[in-house]
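Residues take their numbers from the sequence shown, with the count starting at 1. All values reported here derive from a predicted model rather than from experimental measurement.
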Amino acid sequence: MCGIVGYTGKRCARDILIEGLKRLEYRGYDSSGIAVRGPGGITCTRSVGRIADLEKQIAGIDLAGSVGIAHTRWATHGAPTQANAHPHTDCSANVYLVHNGVIENCDKLKAQLEQEGHTFTSETDTEVIAHLVEKYLEGDDLAAAVQQALKRIIGTFGIAVMCRQCPDTIVVARNGSPIVIGVGDDEYYVASDVSALVEHTRQIIYLDDNEIAILKPDGFRSLTIDNVPTTKKVTEVDWDIEMIGLNNFDTFMAKEIHEQPETVRAAFRGRLYREQCEVRLGGLMDLGDTFLDARRIIISACGTAWHSALIGECMIEDIARVPVEVEYASEFRYRNPIIEPGTIVLVISQSGETADTLAALNEAKRRGVPVLAISNVVGSTIARESDAGVYIHAGPEIGVASTKAFTSQMVVLYLISLMLGRARGVGAAEGIKMIQALENIPDQISKVLEVESQVQHLAEKYYRKAENSLFLGRGYSFPIALEGALKLKEISYVHAEGYPAAEMKHGPIALITPDMPVVFIAVQDSIYDKILVNMKEVKARGGKVIAIATEGDALINNIADDVVYVPDAPEPLTPLLTVVPLQLLAYHVATMKGCDVDKPRNLAKSVTVE
Ligand code: F6R
């Protein structure tokens with residue numbers, strides 16, 4: 001949420017910063033700004049709207065210089081206006097600062113600073129930090145001023161700061177909001193996300209909470225906010241520029257939907273040992289028996305990752321017979337849950353930075369139980385703070401609506417179920433069958449992707465006028481109904497609800513009209529017969545039914561108005577197939593309506609605020 005970029009070196013900062021902002025635009029896109037240090041001082045420009053609007057605005061401005069910071073915003077304090085866009089500055093336009101996170105005590109600090117004579121020009125919490133740095137700045141010791149300022153702050157921050165007295169210096173700091181440093185040749189890059197850096201360097205330093213770093217072209221130094229020097233490791237990331245490009249697709253969401261055969265394969269590659277009929281997840285090995293002997297698992301996550309948690313609950317209980325509970329991270333963190341010894345908490349997060357999921361992780365750690373994480377972004381806060389973890393290896397997910405991360409999360413949950421199951425009585429023969437079924441999934445997803453033109457036609461047929469839609473499923477298909485509804489509403493703004501199909505008659509059935517498409521996920525699983533009954537209940541009330549069904553099911557054709565077929569698979573793996581037509585449906589409804597699918601209204605990737 002919000003993106004930060006910075007550069008100090010010998011090259012044109014403006015181009016690097018604008019390119020970086022474009023890469024980070026998916027993290028926030030309501031306003032943006034740039035400040036560059038040139039021969040005449042620091043020039044700062046801010047704009048409402050997309051990065052393209054900022055580019056237009058700076059077209060006629062001299063932004064020559066090789067040091068600068070920039071920001072793309074997702075508003076928290078104050079509307080998306082030019083005055084609220086970052087960088088923010090102090091009373092004398094000396095200090096320039098960009099910030100991600102939330103300053104909880106900003107009102108109190110602002111009142112104190114105003115009493116001391118500081119004048120504020122925005123409604124943001126961020127501006128408070130700029131004035132605090134101004135207050136503490138003595139001579140050219142920017143780092144000391146930043147340290148003093150941050151000691152006054154309660155809340156989360158990832159910041160990059162520059163000032164007139166320090167011509168080639170950027171000071172960065174973090175607490176709860178990521179800051180990564182890219183190491184080049186006599187140059188340093190800063191970003192809130194590795195994807196902004198990989199076209200320049202793959203040598204990355206991850207800043208830790210309560211740490212600051214002072215970057216100059218000829219070197220960098222890191223310290224804690226309390227001034228204790230720290231030692232940083234340079235890590236090589238394996239993302240490359242190909243992975244963050246569109247590669248002939250119109251949108252990242254389309255690209256990511258179509259990448260799923262490969263990303264799903266990457267999630268199990270090298271982790272299956274057919275001969276021993278075993279799954280090995282390196283990240284969990286250190287936990288050994290603590291993991292295998294877990295008496296209860298609590299899975300906590302948000303949004304789409306929460307839906308994968310619900311699938312995980314079905315898988316782990318079915319396959320390994322370990323009791324599982326699924327909790328919204330935002331609820332878990334503020335409840336008083338009962339967590340007995342023998343419990344393991346598993347958090348799931350694509351970005352690894354979601355504030356509520358991180359808080360759930362910390363709450364579980366505070367209560368002394370082991371925390372495992374399933375995440376995508378290597379080196380993310382959640383990956384680093386957990387006791388053990390498994391990466392899904394889906395590559396960068398840039399479309400704001402999560403697609404490929406969801407299917408990969410389900411693969412890892414399946415692997416965990418099999419691992420736990422093998423330790424608890426799942427026999428070798430059954431294990432082999434489960435492995436084979438998983439290995440078939442990438443090709444089966446490729447087959448499902450062939451229904452795209454049919455789904456596009458359904459989007460036209462049903463959603464030109466529809467303002468509402470229901471998604472219904474049972475068992476493993478219930479979380480997929482939730483996910484289908486979430487995808488549709490978040491990118492096309494068609495109101496959609498997911499329900500367990502049998503719950504429909506307890507209320508939502510009142511909504512059925514011929515104008516409201518009802519999508520049933522109705523594969524031939526253990527409760528197939530029951531869902532046909534629910535489908536008939538909708539038809540009896542004049543509803544229009546789109547069914548996602550198993551290839552070869554002729555019966556369902558007589559009930560549903562339209563049927564999209566997916567290949568047959570064992571029940572725990574069907575969600576990996578049934579979700580794909582629903583991703584495509586949301587995508588085509590949204591594009592038909594002219595929506596920006598990669599950057600939906602009001603949303604942003606990586607929700608780093610509560
Ligand atoms: C929906 C979506 C969000 C995320 C949620 C959690 O398409 O992308 O609901 O799933 O914000 O994000 P992560 O997985 O990064 O913790």
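Scored by the salt bridge (charged side-chain N to carboxylate O under 4.0 Å, His left out) test, R366 finds E363 as partners (sequence neighbours excluded). Here E211 pairs with T230, K232 under the side-chain hydrogen bond (donor to acceptor under 3.5 Å, both in side chains) rule; sequence neighbours left out. With sequence neighbours left out, the side-chain hydrogen bond (donor to acceptor under 3.5 Å, both in side chains) criterion links T304 to E483, K487. The side-chain hydrogen bond (donor to acceptor under 3.5 Å, both in side chains) check on Q115 picks up nothing, with sequence neighbours excluded.
By the 4.5 Å heavy-atom criterion applied to side chains, I154 and I103 are not counted as neighbours. With a 4.5 Å cut-off on side-chain heavy atoms, C44 and R46 count as touching. In this structure, the side chains of V345 and L372 stay at 4.5 Å or more apart for every pair of heavy atoms. Two residues are said to be in side-chain contact when any heavy atoms from C-beta on lie closer than 4.5 Å; I416 and L284 meet this criterion. Here the side chains of L603 and Y29 are in contact, with some heavy-atom distance below 4.5 Å. A heavy-atom distance below 4.5 Å is not found between the side chains of I69 and V190. Within the 4.5 Å cutoff, the side chain of D62 has no heavy atoms near those of the T43 side chain. Side-chain contact between P229 and R221: absent, with no pair of heavy atoms (C-beta onward) separated by less than 4.5 Å.
No donor-acceptor distance shorter than 3.5 angstrom exists from the side chain of S47 to the backbone of S32, with no hydrogens or angles considered. A donor-acceptor pair under 3.5 Å is absent between the side-chain atoms of K255 and the main chain of D250, judged by distance alone. Judged by distance alone, the side chain of S408 and the main-chain N or O of A405 form no donor-acceptor pair under 3.5 Å. Judged by distance alone, the side chain of N105 and the main-chain N or O of R152 form a donor-acceptor pair under 3.5 Å. Between the side chain of Q148 and the backbone N or O of V133 there is no donor-acceptor pair closer than 3.5 Å.
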Derivation of the side chain to side chain contact (heavy atoms under 4.5 Å, CB included) call for I4 and I179
CA-CA 8 Å; I4 287 177; I179 289 286; 4.1 Å; yes

Any chance you could lay out the side chain to side chain donor-acceptor pair (under 3.5 Å) test for N84 and H77, step after step, and finish with the verdict?
CA-CA 8 Å; N84 289 334; H77 289 63; over 6 Å; no

Dump the intermediate steps for salt bridge (charged side-chain N to carboxylate O under 4.0 Å, His left out) on K10 and D186, then the final yes or no.
CA-CA 8 Å; K10 307 263 173 307; D186 295 332; 5.5 Å; no

Please step through side chain to side chain contact (heavy atoms under 4.5 Å, CB included) for the pair I153 and L109, ending with a clear verdict.
CA-CA 8 Å; I153 277 168; L109 290 170; 4.1 Å; yes

L63 vs I34, test: side chain to side chain contact (heavy atoms under 4.5 Å, CB included). Steps then yes/no.
CA-CA 9 Å; L63 272 180; I34 179 168; 4.1 Å; yes

Start with the C-alpha distance between R269 and E262, add both sets of side-chain angles, then the distance that settles salt bridge (charged side-chain N to carboxylate O under 4.0 Å, His left out), and finish with yes or no.
CA-CA 10 Å; R269 188 181 289 127; E262 198 35 52; 2.7 Å; yes

Quick one, N94 with Q165, criterion side chain to side chain donor-acceptor pair (under 3.5 Å). Give me CA distance, side-chain angles, the key distance, then yes/no.
CA-CA 8 Å; N94 182 31; Q165 291 93 316; 3.1 Å; yes

Side chain to side chain contact (heavy atoms under 4.5 Å, CB included) between R11 and E187, worked out:
CA-CA 9 Å; R11 296 160 58 202; E187 58 186 359; 3.3 Å; yes

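Side-chain contact of Y587 with T403: a donor-acceptor pair under 3.5 Å is absent, judged by distance alone. Judged purely by distance below 3.5 Å, without hydrogens or angles, the side chains of E327 and S300 never pair a donor atom with an acceptor atom. Under the 3.5 Å distance criterion, with hydrogens and angles disregarded, no donor-acceptor pair is assigned to the side chains of E256 and Q583. Y136 and D141 form no side-chain donor-acceptor contact under 3.5 Å, judged by distance and modelled atom types alone.
Between H99 and H86, the two ring planes are parallel [angle under 30°; tilted spans 30° to 60°]. Between H200 and Y189, the ring-plane angle classifies as parallel under the 30° and 60° cut-offs. The aromatic rings of Y391 and H393 are tilted relative to each other, their planes meeting at an angle between 30° and 60°.
The nearest pair of heavy atoms linking D226 to K151 is OD1-CE, 3.5 Å. For the pair S31 and V48, the tightest heavy-atom approach, listed with the atom from each and the gap, is CB-CA, 4.0 Å.
Residue H131 is tested with E114, H118, K110 for a side chain to side chain donor-acceptor pair (under 3.5 Å); the sole match is H118.
Comment: E55 does not engage R50 in a salt bridge, judged by the lack of any side-chain N to carboxylate O separation of less than 4.0 angstrom. Under the 4.0 Å criterion applied to side-chain N and carboxylate O atoms, K404 and E259 are assigned as salt-bridge partners.
No close placement of the Y96 and H88 rings is indicated, their centers lying 6.0 Å or farther apart. Annotation: Y328 is in aromatic contact with W306 [ring centroid separation under 6.0 Å].
Residue pairs meeting the side chain to side chain donor-acceptor pair (under 3.5 Å) criterion with at least one member in residues 370-384, sequence neighbours excluded: R174-T381, D208-R384, Q350-N376, E353-T381.
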Could you list the donor-acceptor pairs under 3.5 angstrom formed by side chains in residues 156-164, with sequence neighbours left out?
residue, atom, partner, partner atom, Å
T156, OG1, V102, N, 3.0
R164, NE, A93, O, 2.8
R164, NH2, A93, O, 2.9

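Interatomic distance, L207 CG to N175 CG, rounded to the nearest 0.5 Å: 10.5 Å.
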